Amino acid sequence: MRPLRILTWHVHGSYLYYLTQSRHHFYLPVKPGHPEGYGGRLGGLPWSDNVHDVPAEAVREQEFDCVLFQSRKNYQDDQYEILSAAQRQLPRLYLEHDPPQEHPTNTCHPVDDANILLVHVTPFNALMWDSRRTPTCVIEHGVMVPDVRYTGELDRGLVVVNGLRSRGRRLGADIFERVQQQVPLDLVGMGTNDGGLGEIPHLQLPAFQSRYRFFFNPIRYTSLGLAVCEAMMVGMPIVGLATTELATVVENGVSGYVDTDIDRLVAVMQQLLHDPAEAHRLGEGARRCAEERFNIQRFTRDWDAAFALATGTEERQRDSTPPTLVRGRA
């Protein structure tokens, strides 16, 4: 499969960074002041030469092989503002990052088009959305971390959530506050300067978090966070709620603990604080799981298969495992 020219928007910087680890060329529209979706090669990430900024007003003059939407705004507004009529007829994919935030089971996805490939990032998300006639597939996360390994010498747990306090119960702000009264926890992420340690740059986070005894995920309902996958790849044991996709990622007693009972999770965290050897054992299990399930090579192969399917160039490498495609309702 030849490298494709793909137009997409900067929606989630870390995900975009991992997506661009392939050999395809990605073109990001930019606007002065960098409003939502138009930040281009921002974010303090080491973008490769296959990632290109394009002034939004010049997008119509470019040639692309396909368009990748990453938000409702991209799909409902941005394409009509910056794409030509011919470009709007190109092969199109929609990358859905989240589960539905309205009704969890009865919400129709904004895309209802048999000619667009809808890509979900977890099987749980695909299960919850009503995708109607849109063909769907699942491509699970792929991550990379520097050559950093878990040490766990700090007798504390770490929480990584952007804007936790402002995002409320869905992200588990109340759970964090409750658990923090019984277990020493530090919070990092964008918008966490009030009550947390603030944002840690993406490339520095693996080394920063590797010293903590465990990673705690207080989130009730959202997509599987890249921070969880990255922590597992470092070798951190994971403690969290047995909700959404995390219930399938963490195996109790092998890579960490998940439960819907907060008191039981508190007891596990207290045990890990007093038993570093057990934390190291669980961290090794988390690392093995991440290396098998969330490795970047599998991720880029799956995206190659999705792009080939969407553009009609379905060349398959022998070691490529194409994402499972579901026609119509998912």
Side-chain angles (χ1 to χ4, degrees), residues 122 124 141 143 145 148-162 164-165 167-189 192 195-197 200 205-294:
T122 71
F124 177 87
H141 290 325
V143 299
V145 297
V148 172
R149 284 292 177 261
Y150 170 74
T151 56
E153 68 267 22
L154 293 182
D155 295 330
R156 305 182 66 82
L158 183 68
V159 175
V160 182
V161 181
N162 292 328
L164 176 59
R165 298 188 187 282
R167 296 165 76 185
R169 281 178 55 83
R170 186 171 65 87
L171 275 292
D174 60 314
I175 295 173
F176 171 76
E177 292 177 1
R178 172 180 166 183
V179 173
Q180 194 180 36
Q181 295 174 5
Q182 304 173 72
V183 178
L185 293 175
D186 285 339
L187 170 67
V188 300
T192 63
L197 302 181
I200 306 298
L205 183 59
F208 177 87
Q209 65 187 2
S210 67
R211 302 172 299 138
Y212 284 82
R213 187 64 48 78
F214 60 85
F215 184 105
F216 175 49
N217 188 55
I219 296 174
R220 281 185 173 89
Y221 184 77
T222 190
S223 195
L224 179 65
L226 285 170
V228 173
C229 304
E230 291 161 348
M232 293 177 70
M233 195 69 79
V234 168
M236 294 185 73
I238 308 297
V239 181
L241 298 181
T243 59
T244 67
E245 196 64 37
L246 193 64
T248 77
V249 171
V250 176
E251 184 177 355
N252 284 352
V254 175
S255 52
Y257 286 88
V258 291
D259 205 310
T260 54
D261 187 312
I262 305 303
D263 291 334
R264 284 200 286 264
L265 292 179
V266 167
V268 166
M269 288 185 261
Q270 291 172 340
Q271 176 192 358
L272 294 177
L273 292 176
H274 291 95
D275 192 347
E278 175 67 359
H280 275 269
R281 185 186 70 82
L282 294 175
E284 275 301 300
R287 184 180 60 81
R288 289 193 299 270
C289 173
E291 288 179 344
E292 178 179 352
R293 185 166 176 176
F294 302 121

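In this text the structure is predicted, and so the values were computed from the model without any measurement.
- Between Arg169 and Glu177, no side-chain nitrogen of the basic residue sits less than 4.0 Å from a carboxylate oxygen of the acidic one, so the salt-bridge criterion is not met.
- The pair Arg220-Asp174 meets the salt-bridge criterion, since a charged nitrogen lies less than 4.0 angstrom from a carboxylate oxygen.
- Proximity of a side-chain donor or acceptor of His280 to a complementary backbone N or O of Thr151 within less than 3.5 Å is detected.
- Nearest heavy atom pair, residue Leu273 against residue Pro184, reads CD1-CD, 3.6 Å.
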Go through the steps to decide whether Glu245 and Arg293 satisfy the test salt bridge (charged side-chain N to carboxylate O under 4.0 Å, His left out), and finish with yes or no.
CA-CA 13 Å; Glu245 196 64 37; Arg293 185 166 176 176; 3.2 Å; yes
Check the pair Tyr257, Val250 against side-chain contact (heavy atoms from CB on, under 4.5 Å), reporting the backbone distance first and the verdict last.
CA-CA 7 Å; Tyr257 286 88; Val250 176; 5.7 Å; no
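- Here Ile200 contributes atom CD1 and Phe208 contributes atom CZ; the two are 4.5 Å apart, rounded to the nearest 0.5 Å.
- With Arg213 contributing its side chain and Leu272 its backbone, the two residues share a donor-acceptor pair below 3.5 Å.
- Summarising the geometry, atom CZ belonging to Arg165 is positioned 14.0 Å from atom CZ belonging to Arg167; distances are rounded to the nearest 0.5 Å.
- Contact annotation: the side chain of Ile175 approaches that of Ile262 to within less than 4.5 Å [non-hydrogen atoms, C-beta and beyond].
- Across all their heavy atoms, Val258 and Asn252 have their closest contact at N-OD1, 2.7 Å.
- Side chains of Met232 and Arg287 form no contact here, defined as non-hydrogen atoms less than 4.5 Å apart.
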CA sep, side-chain torsions, deciding dist, call: Leu158, Val188, side-chain contact (heavy atoms from CB on, under 4.5 Å)
CA-CA 8 Å; Leu158 183 68; Val188 300; 4.1 Å; yes
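- Looking at every heavy atom in both residues, Val160 comes nearest to Ala227 through CG1-CB, 3.9 Å.
- The side-chain heavy atoms of Leu226 and Val143, taken from C-beta on, include a pair separated by under 4.5 Å.
- With Asn217 as the fixed residue, the side chain to side chain contact (heavy atoms under 4.5 Å, CB included) test singles out one of Val159, Val228, Val239: Val228.
- Remark: side-chain polar atoms of His141 are not paired, donor with acceptor, to backbone N or O of Cys229 under 3.5 angstrom.
- Electrostatic pairing of Glu292 and Arg288 does not count as a salt bridge here, judged by no charged N lying under 4.0 Å from a carboxylate O.
- The two residues Ala279 and Tyr150 come nearest to each other via the heavy atoms CB-OH, 3.4 Å.
- Side-chain contact between Thr122 and Ser223 is present, with at least one heavy-atom pair separated by less than 4.5 Å.
- Looking at heavy atoms from C-beta onward, Thr243 lies out of side-chain contact with Tyr221 at the 4.5 angstrom threshold.
- Between Leu185 and Arg156 the shortest side-chain heavy-atom distance does not fall below 4.5 Å.
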As a quick check of understanding, evaluate side-chain contact (heavy atoms from CB on, under 4.5 Å) for Leu246 and Leu224, giving each step before the final call.
CA-CA 6 Å; Leu246 193 64; Leu224 179 65; 4.0 Å; yes
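- The pair Arg178-Asp263 counts as a salt bridge, with a side-chain nitrogen and a carboxylate oxygen less than 4.0 angstrom apart.
- In terms of heavy atoms, Pro237 sits closest to Leu282 at CB-CB, 3.7 Å.
- Here Cys289 contributes atom SG and Glu284 contributes atom CD; the two are 12.5 Å apart, rounded to the nearest 0.5 Å.
- The environment of CD in Gln180 is crowded: more than 12 heavy-atom neighbours from other residues, nucleotides or ligands sit within 6.0 Å.
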Would you please test Gln270 and Val183 for side-chain contact (heavy atoms from CB on, under 4.5 Å) and show each step?
CA-CA 7 Å; Gln270 291 172 340; Val183 178; 4.1 Å; yes
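- A salt bridge between Glu278 and Arg281 is present, with a side-chain N of the basic residue lying under 4.0 Å from a carboxylate O of the acidic one.
- Contact detail for Ser210 and Val234: the closest heavy-atom pair is CB-CG1, 3.8 Å.
- Note that CG of Asp155 and CZ of Phe214 are 10.0 Å apart. Values are rounded to the nearest 0.5 Å.
- Contact annotation: the side chain of Val249 never approaches that of Ile238 to less than 4.5 Å [non-hydrogen atoms, C-beta and beyond].
- Residues Leu265 and Leu241 meet the side-chain proximity criterion, which asks for heavy atoms closer than 4.5 Å.
- Rounded to the nearest 0.5 angstrom, Phe294 CZ and Glu230 CD are separated by 11.0 Å.
- In this structure, Ile219 CD1 and Leu171 CG are separated by 5.0 Å, a value rounded to the nearest 0.5 Å.
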